Structure formats: structure tokens, C-alpha cells
Amino acid sequence: MDAIDQPDDLSRPQKRLLKRLYNGRTVPVMADDRPFLRYKDAALYLLSLPSDARETAYTQMKAQARDGVR
């Protein structure tokens with residue numbers, strides 16, 4: 001698998017949204033049936049996934065932000 005298939009970092013918009021989502025969180029965000037309470041834990045998990053699975057998990061987190069889960 002080359003760097004194009006699995007980038008080493010999240011995009012800037014992804015980082016921004018995740019930081020806003022996890023700032024001051026007291027209720028975990030769920031993705032792939034796993035709870036995430038901190039930005040660092042969520043980012044490390046996303047970076048451990050292949051690009052397709054990463055996008056799916058990110059979309060789950062993003063949907064919770066859009067739904068106002070706090």
C-alpha cells in the first residue's frame with residue numbers, strides 16, 4: 001500500500017472539525033462501536049485505518065457533531 005492509499009495525516013478541515021467536536025466533551029462520540037472522548041484518541045484511531053474505513057469512521061463522528069451530540 002503506498003502513501004496515496006493511506007495518507008499519513010488527516011486533512012486540515014478534518015482536524016478542525018474533530019478538535020471542535022472533542023473540545024470539552026463529557027459524552028463520548030461513537031464510531032465503529034467504539035467510544036472516543038478525546039481528539040487525540042479519535043485522531044490516532046482514524047490514522048490507524050485504511051482510507052475507506054477512515055472516511056466511514058470520520059463520517060460517523062461528523063454526523064454526531066451535526067446532530068448536536070455533546
Side-chain angles (χ1 to χ4, degrees):
M1 186 176 293
D2 60 16
I4 294 172
D5 292 335
Q6 187 171 358
D8 291 335
D9 208 358
L10 301 171
S11 71
R12 189 173 184 179
Q14 288 174 326
K15 287 180 186 179
R16 250 191 340 259
L17 180 120
L18 289 174
K19 285 180 181 181
R20 281 196 318 264
L21 177 61
Y22 288 100
N23 183 28
R25 178 152 298 279
T26 57
V27 176
V29 170
M30 299 298 290
D32 296 337
D33 294 323
R34 299 175 80 157
F36 297 97
L37 196 55
R38 298 178 339 152
Y39 163 79
K40 185 175 182 176
D41 296 332
L44 287 173
Y45 176 70
L46 290 172
L47 291 172
S48 73
L49 299 172
S51 60
D52 289 344
R54 180 184 302 173
E55 190 59 37
T56 300
Y58 174 76
T59 301
Q60 291 173 8
M61 291 177 190
K62 186 177 178 180
Q64 291 180 52
R66 184 176 41 247
D67 293 342
V69 174
R70 192 106 166 114

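We use all heavy atoms of the structure for the numbers below, so side chains are in, but hydrogens, waters and symmetry mates are not. Keep in mind the model is a prediction, meaning the values are calculated, not measured.
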Using the test side-chain contact (heavy atoms from CB on, under 4.5 Å), find all partners of T59 that sit at least two apart in sequence or belong to another chain.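 Scan of T59 (side-chain contact (heavy atoms from CB on, under 4.5 Å), adjacent residues dropped) gives E55.
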
How long is the straight-line distance from OG1 of T56 back to CG of L46, given to the nearest 0.5 Å?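 Spacing of CG (L46) from OG1 (T56) equals 10.5 Å.
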
Does A57 offer a backbone N or O that forms a donor-acceptor pair with the side chain of Q60 under 3.5 Å?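 No, the answer is negative, given that no donor and acceptor are paired below the 3.5 Å cut-off.
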
By salt bridge (Lys or Arg N to Asp or Glu O under 4.0 Å), which residues pair with K15, not counting sequence neighbours?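 Listed in chain order: D9.
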
Taking the side chain as C-beta and beyond, is there a heavy-atom pair between L18 and Y58 under 4.5 Å? yes

Measuring only between side-chain heavy atoms, which start at C-beta, is L17 closer than 4.5 Å to M61?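 Contact flag for L17/M61 side chains = no.
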
Give the table of side-chain donor-acceptor pairs shorter than 3.5 Å for residues 30-40, with sequence neighbours excluded, one pair per line with atom names and distance.
unit_1 : atom_1 : unit_2 : atom_2 : d
D32    : OD2    : Y45    : OH     : 2.6
R38    : NE     : D41    : OD2    : 3.2
R38    : NH2    : D41    : OD1    : 3.2

